[in-house]
Amino acid sequence: MEVKFHQSIAQIAAQDWDALWQTKYPFTQHAFFKALEESNSVDTAGKQNTGWQPKHLSIEENGKIIAVMPLFVKGHSYGEYVFDWSWADAYHQAGIEYYPKLLNAIPFTPATGPRIGFSKDLSNEQKQSCNTAIIEAIKNCLKEENMSGFHSLFPQDNSTFEQARFTERQGYQFHWFNQGFKDFDDFLNSFSSRKRKNLKKERQKVFSQDLDIRMRHADELTTEEWNKFYALYHRTYLKRSGRTGYLGPDFFHRLGHEFPQQVLVCSAHHQNNMIAAALYLRDEDTLYGRYWGTQIDLDGLHFECCYYQGIEYAIQHQLKRFDPGAQGEHKIQRGFTPIKTRSYHWLSHPSFNGAINEFTQQEIQHINAYIKDTRTLMPFKEGVETVEEDYLFTF
């Protein structure tokens with residue numbers, strides 16, 4: 001086995017990379033990383049100052065790539081959604097550099113999914129050997145390039161990291177699950193009466209404002225509409241955070257071109273003028289809500305475009321799950337279920353590595369209590385079944 005690191009996704013052939021992922025999960029596809037690079041949303045040449053430099057790992061055997069891992073050298077902790085700012089502060093106070101660090105993650109995407117791609121022809125023994133080679137290569141890289149540690153965010157399969165005894169950190173999100181609903185009204189029938197009336201009023205308020213709301217696949221949008229979406233995205237990001245969005249000007253064009261049926265946009269129009277829009281991606285059984293932008297704040301419009309239209313699409317297309325993105329307790333009363341997420345960490349400094357292990361063990365107790373409490377706030381009738389809190393890691 002030969003382990004290699006790559007400064008660009010272009011250094012690995014698309015057919016070799018994509019053959020190792022046994023799913024249509026869009027965020028690990030070669031075309032997704034290519035769109036990030038070519039739009040300068042990540043920084044292959046070290047000149048864009050994005051803080052995301054590709055360093056993808058591959059394993060070759062007899063000249064054939066049998067495993068890959070998306071990797072990035074990070075110069076900050078923005079765009080990750082697993083927050084380690086306090087760890088960076090502790091390093092700074094100790095006079096030690098926390099950045100750069102090595103990250104196995106999808107930029108700007110807190111969506112649980114595969115984080116290592118393996119050839120489907122590998123035996124269990126060969127896969128174990130790949131895992132060992134990956135961990136050894138990562139630790140050697142950290143030492144040689146003086147990086148503080150390694151982090152894997154939102155992995156679906158934890159076997160590689162548990163084998164290496166990396167520290168597990170838990171978090172939470174709110175996902176919607178399809179219980180075989182026939183339509184949106186059938187979904188609402190699972191609510192208690194009061195909660196159902198509140199949600200209906202919220203939707204009626206939006207549609208009483210002379211809006212035309214459209215859910216379309218990427219290949220149905222014009223270039224002008226993609227440009228408008230980009231402007232809405234940046235405007236909203238700037239208003240919310242005081243800084244522009246992470247993604248480059250033509251990222252959305254490229255994404256729509258590469259995934260014409262896996263990318264969708266829900267857009268709200270007033271007198272044929274697009275005033276708001278939400279971007280989605282999908283795979284075989286899951287819808288992912290990603291980016292939102294608006295030029296005017298209308299009561300309930302965000303919920304309609306980012307949640308209810310997504311639920312309707314998922315029901316119509318018989319998808320099992322809708323992952324609307326990170327954070328947001330307001331999702332609970334709208335039918336989203338609190339579930340666990342996970343990340344794995346290993347810091348090169350032994351004392352700090354021991355400290356984060358102790359910290360995460362205490363944090364897990366708080367996460368468990370939080371999920372237990374928030375599940376009591378769900379709007380469903382008594383007797384309606386919900387998925388387990390660690391659903392993502394049971395299939």
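The figures that follow rest on heavy atoms only: side chains count, while hydrogens, waters and symmetry mates do not. Numbers here are sequence positions counted from 1.
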Stacked cation flag R203 on F184, 6.0 angstrom / 45 deg: yes
In this structure, is the centre-to-centre distance between the rings of F191 and F380 below 6.0 Å? yes
Can you tell me if Q318 has over 12 outside heavy atoms packed within less than 6.0 Å of its CD? no
Do other residues, nucleotides or ligands put more than 12 heavy atoms under 6.0 Å from the CZ atom of R214? yes
Which atom pair, heavy atoms only, marks the closest approach of S58 to V68? CB-CG1, 4.1 Å
So for atom NE2, which belongs to H257, do other residues, nucleotides or ligands contribute more than 12 heavy atoms lying within a distance under 6.0 Å? no
Taking all heavy atoms of T112 and all of D323, pick out the closest pair and write down the distance. N-OD2, 4.4 Å
Could you tell me how the ring of H253 sits relative to the ring of W226: parallel (under 30°), tilted (30 to 60°) or perpendicular (over 60°)? tilted
All ring-ring contact (aromatic ring centres under 6.0 Å, His included) counterparts of Y81, not counting sequence neighbours: none
Mark yes when over 12 heavy atoms from residues, nucleotides or ligands other than Q327 sit less than 6.0 Å from its CD; otherwise mark no. no
Do the rings of F150 and F166 sit parallel, tilted or perpendicular, given the 30° and 60° boundaries? tilted
Salt bridge present between E284 and K24 (N-O < 4.0 angstrom): no
Mind checking whether Y172 and Y370 have ring centres under 6.0 Å apart? yes
Intermediate values then yes/no, ring-ring contact (aromatic ring centres under 6.0 Å, His included), Y291 and F229: CA-CA 10 Å; Y291 303 104; F229 177 77; 7.6 Å; no
Restricting to pairs with a member in residues 68-86, which pass salt bridge (charged side-chain N to carboxylate O under 4.0 Å, His left out), not counting sequence neighbours? K74-E80, E80-K101, D84-K101
Compute whether any side-chain donor of one residue and acceptor of the other, for T294 and H302, lie under 3.5 angstrom apart. no
What is the minimum heavy-atom distance between Q209 and D299, and which atoms define it? NE2-O, 3.7 Å
Could you check whether atom NZ of K381 has more than 12 heavy atoms from other residues, nucleotides or ligands sitting under 6.0 Å from it? yes
Output the distance between atom OH (Y98) and atom CG (D89), rounded to the nearest 0.5 Å. 10.5 Å
List the steps and the verdict of salt bridge (Lys or Arg N to Asp or Glu O under 4.0 Å) for K55 and E145. CA-CA 12 Å; K55 197 177 182 65; E145 301 192 22; 2.8 Å; yes
Pair F174 + F336: ring centers closer than 6.0 Å: no
More than 12 foreign heavy atoms under 6.0 Å from CG of N124: is that the case here? no
Check for me whether the distance between the ring centres of F303 and H330 falls short of 6.0 Å. yes
Smallest separation among heavy atoms of W52 and Y78, with atom names: CZ2-O, 3.5 Å
Below 30° counts as parallel, above 60° as perpendicular, anything between as tilted: where do the rings of H345 and H151 land? perpendicular
